[in-house]
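Because only heavy atoms are used, hydrogens play no part in the values below, and waters and symmetry mates are left out as well, while side chains stay in.
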Amino acid sequence: MKYLLILIQLSFLFYQVRALGLMLNGLTQGSCLNLGVNQSQTISCSVANNSDAETLMWYREKAQVDIKSENSINISRICLPSVSPDDNGVNFTCLLKRDPTIKLSLMLNVEFQPLLSGDTKIISEEGKNVQITCGYKANPAAVMSWRQNNRTVTFPSRFEQRMTSDTWMLSITKAQMSDTANYTCVAERFNETEVTLTFELIVGVRKPGLPIEAIVAAVVVGALVIAFGFFARRQKICKPCMKSRNNTSM
Ligand SMILES: *[C@@H]1O[C@H](CO)[C@@H](O)[C@H](O)[C@H]1NC(C)=O
Ligand SMILES: *[C@@H]1O[C@H](CO)[C@@H](O)[C@H](O)[C@H]1NC(C)=O
């Protein structure tokens, strides 16, 4: 009878521990929060089925978020003031201080107009390789393309269009003077809006080989000639006495 009572108590305790959980923005599992740029949002985390007061903690990615102690017992709210494109993909995690394995995360999905950046004036010369780099950020993903002098063109094979996670590039192998043009980096969202950034490329004539090399060559040759002349003369000057020394030694 006594053991049965203990067993009942234990299972009750076990049930309590099992049932303890968190709710993040009213959900009992991790989720995603869609927001627009500059929008503000409060997110709230609460303990469910707790028998005692529980302290909550927040993390923004790996960094703990400072909250007031009165905003940490059983329920806690944090405000995200004016989200920016940099907040896209950031995780906010709420957890129990007593048992950090009890946690829930929410990922921000911040939508914004594509953002383009780059050094828009490029000066190069004939025969050199040129790379035009358009930095971009987009969520949702944008369709990227390049235009030449505001026209959609089929670029010759010397041109290569390449994408990395945050750049859209146009590489030109052995640029020609006729490649001089405005190149527009275009980010399109579902064919509805487009954001552009124009880069001006100027390919000038190939500069003649640097005269400094010729000067260096002339100086080196001149020095050698002088040195050699001096050496030859020294040989001549020394010869008689070397000969005489040789003679005496023999
Ligand atoms: C937290 O919840 C527990 C269990 O329901 C309760 O005993 C305690 O008073 C609550 N504390 C606060 C500050 O709400
Ligand atoms: C690029 O566009 C600007 C503005 O329309 C124009 O003044 C400039 O001459 C163009 N540059 C080239 C290389 O076509």
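- To the nearest 0.5 Å, the span separating OG on Ser31 from CG on Asn25 amounts to 6.5 Å.
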Which atom pairs, donor and acceptor, lie under 3.5 Å between side-chain atoms of residues 106-122 and protein residues at least two apart or in another chain?
| unit_1 | atom_1 | unit_2 | atom_2 | d |
| --- | --- | --- | --- | --- |
| Asn109 | OD1 | Asn139 | ND2 | 2.9 |
| Asn109 | ND2 | Asn34 | OD1 | 2.7 |
| Lys121 | NZ | Glu200 | OE1 | 2.9 |

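- Within a 6.0 Å radius of CD in Gln29, other residues, nucleotides and ligands contribute 12 heavy atoms or fewer.
- Taking CH2 from Trp146 and OG1 from Thr184, the interatomic distance works out to 8.0 Å, rounded to the nearest 0.5 Å.
- Through chains of ILVMFWY side-chain contacts below 4.5 Å, Met57 is grouped with Tyr59, Leu95.
- Rounding to the nearest 0.5 Å gives a distance of 9.5 Å between CE of Met23 and CG of Asn49.
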Derivation of the salt bridge (charged side-chain N to carboxylate O under 4.0 Å, His left out) call for Arg162 and Glu160
CA-CA 6 Å; Arg162 203 150 40 90; Glu160 191 200 352; 3.8 Å; yes
Below 3.5 Å, can you tabulate the donor-acceptor pairs from side chains in residues 73-82 to any protein atom, sequence neighbours excluded?
| unit_1 | atom_1 | unit_2 | atom_2 | d |
| --- | --- | --- | --- | --- |
| Asn74 | OD1 | Asn50 | ND2 | 3.2 |
| Asn74 | OD1 | Glu54 | N | 3.0 |
| Ser76 | OG | Trp58 | NE1 | 2.8 |
| Ser76 | OG | Asn71 | O | 2.6 |

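- Considering only heavy atoms from C-beta on, Val90 comes within 4.5 Å of Glu61 through its side chain.
- Checked against side chain to side chain donor-acceptor pair (under 3.5 Å), Lys137 has the following partners two or more places apart in sequence or in another chain: Asp86.
- Applying the salt bridge (Lys or Arg N to Asp or Glu O under 4.0 Å) test to residues at least two apart or on different chains, none of the pairs has a partner in residues 23-33.
- Aromatic ring pairs are classed by plane angle as parallel below 30°, tilted from 30° to 60° and perpendicular above 60°; the pair Tyr183 and Phe159 is tilted.
- Put simply, CD on Gln64 and CD1 on Ile67 are 8.0 Å apart, with the number rounded to the nearest 0.5 Å.
- In this structure, the side chain to side chain donor-acceptor pair (under 3.5 Å) partners of Thr167, at least two apart in sequence or on a different chain, are Thr164.
- Between Leu33 and Ile43 the shortest side-chain heavy-atom distance falls below 4.5 Å.
- Met163 CE to Met169 CE: the interatomic distance, rounded to the nearest 0.5 Å, is 10.0 Å.
- Contact of the Cys94 side chain with the Leu22 side chain is registered, since non-hydrogen atoms from C-beta on lie closer than 4.5 Å.
- Residues passing the side chain to side chain donor-acceptor pair (under 3.5 Å) test with Ser105, sequence neighbours excluded: Thr93.
- By the side chain to side chain contact (heavy atoms under 4.5 Å, CB included) test, Glu126 pairs with Met177, Val205, Arg206, sequence neighbours left out.
- With contacts defined as side-chain heavy-atom distances shorter than 4.5 Å, the pair Asp99/Leu20 does not qualify.
- For Ser171, the side chain to side chain donor-acceptor pair (under 3.5 Å) partners are Gln131, not counting sequence neighbours.
- In this structure, Lys174 and Asn129 have side chains that are in contact, with non-hydrogen atoms separated by less than 4.5 Å.
- The SG atom of Cys134 sits 10.5 Å away from the CG atom of Leu170 when rounded to the nearest 0.5 Å.
- Here Ser165 pairs with nothing under the side chain to side chain contact (heavy atoms under 4.5 Å, CB included) rule; sequence neighbours left out.
- Take Ser157 and apply the side chain to side chain contact (heavy atoms under 4.5 Å, CB included) test, not counting sequence neighbours, and it matches no residue.
- The backbone N or O of Ser84 lies less than 3.5 Å from a partner atom in the side chain of Asp87, making a donor-acceptor pair.
- Counting only heavy atoms from C-beta outward, the side chains of Arg147 and Val186 approach each other to under 4.5 Å.
- Considering only residues two or more places apart in sequence or on other chains, Ala63 meets the side chain to side chain contact (heavy atoms under 4.5 Å, CB included) condition with none of them.
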